[in-house]
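Taking it in order: structure first as structure tokens, then the write-up.
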2 protein chains.
Amino acid sequence: MSSDRQPVEDPGAAAAPPPSGGAFLLAQLGAHAAGRFGERVGELGLAPPDVGLLRMIALEPGRSQRSLAADLGVVPSRVVALIDSLEKKGFVERRRSAEDRRHHELYVSEDGRRALGRVREVAALHEDDLFAALDEEDRVRLTALLGRIAEQQGLTPGVHPGYRQLPKRPN
Amino acid sequence: MSSDRQPVEDPGAAAAPPPSGGAFLLAQLGAHAAGRFGERVGELGLAPPDVGLLRMIALEPGRSQRSLAADLGVVPSRVVALIDSLEKKGFVERRRSAEDRRHHELYVSEDGRRALGRVREVAALHEDDLFAALDEEDRVRLTALLGRIAEQQGLTPGVHPGYRQLPKRPN
DNA sequence: TATTGTTATACTCTATAACTATA
DNA sequence: TATAGTTATAGAGTATAACAATA
């Protein structure tokens, strides 16, 4: 470190205290959690968005790409790419609907089901590592507090906001 | 409990329960918080990374791009682009160092300082909205719990992990 | 020769718009 | 004409590598 970095009387400190509020902590920890989870499922050959999609399809087999796009708040062409990747890995199948041949019904394959099983294990490990600082009681308290916020903020359970595009501002 | 359950098929429900753990909630809420904050500061003409940079420079005026890159965990060329944008907006100044003419010393301009003031206001509003579901006591509890996790996880105070690149997995 | 900052380039993510097949 | 999915294309973000100035 440059030992003599101006004997400043720090005019900035007053103007820009480090963000210490709970909102920043929440964003910081959330990004950290998402990043660590991504690394772990990456070792299973899955990207984080893959995991969410896979789960949604497993939960409601046969659903269409359109409905996924709507639930995720994402444009249909994006789902094409996402499903392409999942299909190439052999985790989901597209089947042309018999009733309306415009639709693709989506199904999780046997491999996909196995992958989801491993994801579940990894998620448990992840949570345990992430909350290592807290005992069981505090974990319950924290989850309850977060749950109340999520509900009040109107978040869709199980849907990570990372899918949908942020409104872009001119730079 | 299930006295006479219909022979439901739904093989997926058992295989893929919606993620309900605290880790997912944390990631979900963190992304939500970051997104909302981004919208708000966007109205001030700042992107979220701008805010962090501006704060770091204000806190330690005269620091170099190299040192910022190290603290953020990003490559130096990225800092070039980030500072370019901030300089173009008139929020920071690059000054060629007299002692070592390879360095650019970074300073927050008067406009930048004003912007930081507005950011502080916006951040307070943001936090208040985000935690609307909680009373003051619960907010303190939550922040304490998050702080313990952040410390145990080794997060650098005030540095959002969103700056640094996630290790990419082959897809 | 090593270091700071910069430019050139490429790759990923994600959107918009145009297009095909089906209804 | 309207809808599901796809392809083509563009823009933002971010990295790697080569480079110029300075030490």
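So that the names make sense, note that chain A is the first sequence line, chain B the second, and so on, each numbered from 1.
- Between His103(B) atom NE2 and dA21(D) atom P the separation is 18 Å, expressed in whole Å.
- Separating the CG atom of Asp84(A) from the P atom of dC13(C) is a distance of 13 Å, rounded to the nearest angstrom.
- In this structure Glu99(A) satisfies the salt bridge (Lys or Arg N to Asp or Glu O under 4.0 Å) test with no other residue, sequence neighbours excluded.
- Taking the six-membered ring where the residue is Trp, Phe37(A) and His126(A) present tilted rings, their angle falling between 30° and 60°.
- To the nearest angstrom, P of dT16(D) lies 14 Å from CZ of Arg164(B).
- For dT6(D), the OP1/OP2 oxygens have a side-chain nitrogen or oxygen of His104(A) closer than 4.0 Å.
- Contact annotation: Arg94(B) reaches the phosphate of dT6(C) (side-chain N/O to OP1 or OP2, under 4.0 Å).
- Listed candidates were dT6(C), dG5(D), dT16(C). Nearest to the side chain of Ser64(A) is dG5(D).
- The structure places NE2 of His160(A) at 10.5 Å from CG of Leu25(B), a figure rounded to the nearest 0.5 Å.
- Atom CZ of Arg66(A) is separated from atom C1' of dA2(D) by 11 Å (rounded to the nearest Å).
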What pairs of nitrogen or oxygen atoms, one from the protein and one from nucleotides 19-23 of chain C, lie under 3.5 Å apart?
unit_1	atom_1	unit_2	atom_2	d
dA23(C)	OP1	Arg101(A)	N	2.9

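- One atom, CG of Leu72(B), and another, P of dA15(D), lie 10 Å apart when rounded to the nearest Å.
- Distance Glu105(B) CD to dG5(C) P: 10 Å, rounded to the nearest Å.
- Distance Leu106(A) CG to dA4(D) C1': 11 Å, rounded to the nearest Å.
- Comparing Pro76(B) and Ser77(A) against DNA chain C, the residue whose closest nucleotide sits nearer the 5' end is Pro76(B).
- Rounded to whole angstrom, the span from the CG atom of Leu68(A) across to the P atom of dG5(D) amounts to 9 Å.
- Between Asp135(A) and Arg141(A) there is no salt bridge, since none of the side-chain N atoms of the basic residue sits less than 4.0 Å from a carboxylate O of the acidic one.
- Remark: Arg113(B) engages Glu110(B) in a salt bridge, criterion side-chain N to carboxylate O under 4.0 Å.
- Between Arg94(A) and Asp84(A), at least one side-chain nitrogen of the basic residue sits less than 4.0 Å from a carboxylate oxygen of the acidic one, meeting the salt-bridge criterion.
- In terms of the side-chain hydrogen bond (donor to acceptor under 3.5 Å, both in side chains) criterion, Arg118(A) has no residue partners (sequence neighbours excluded).
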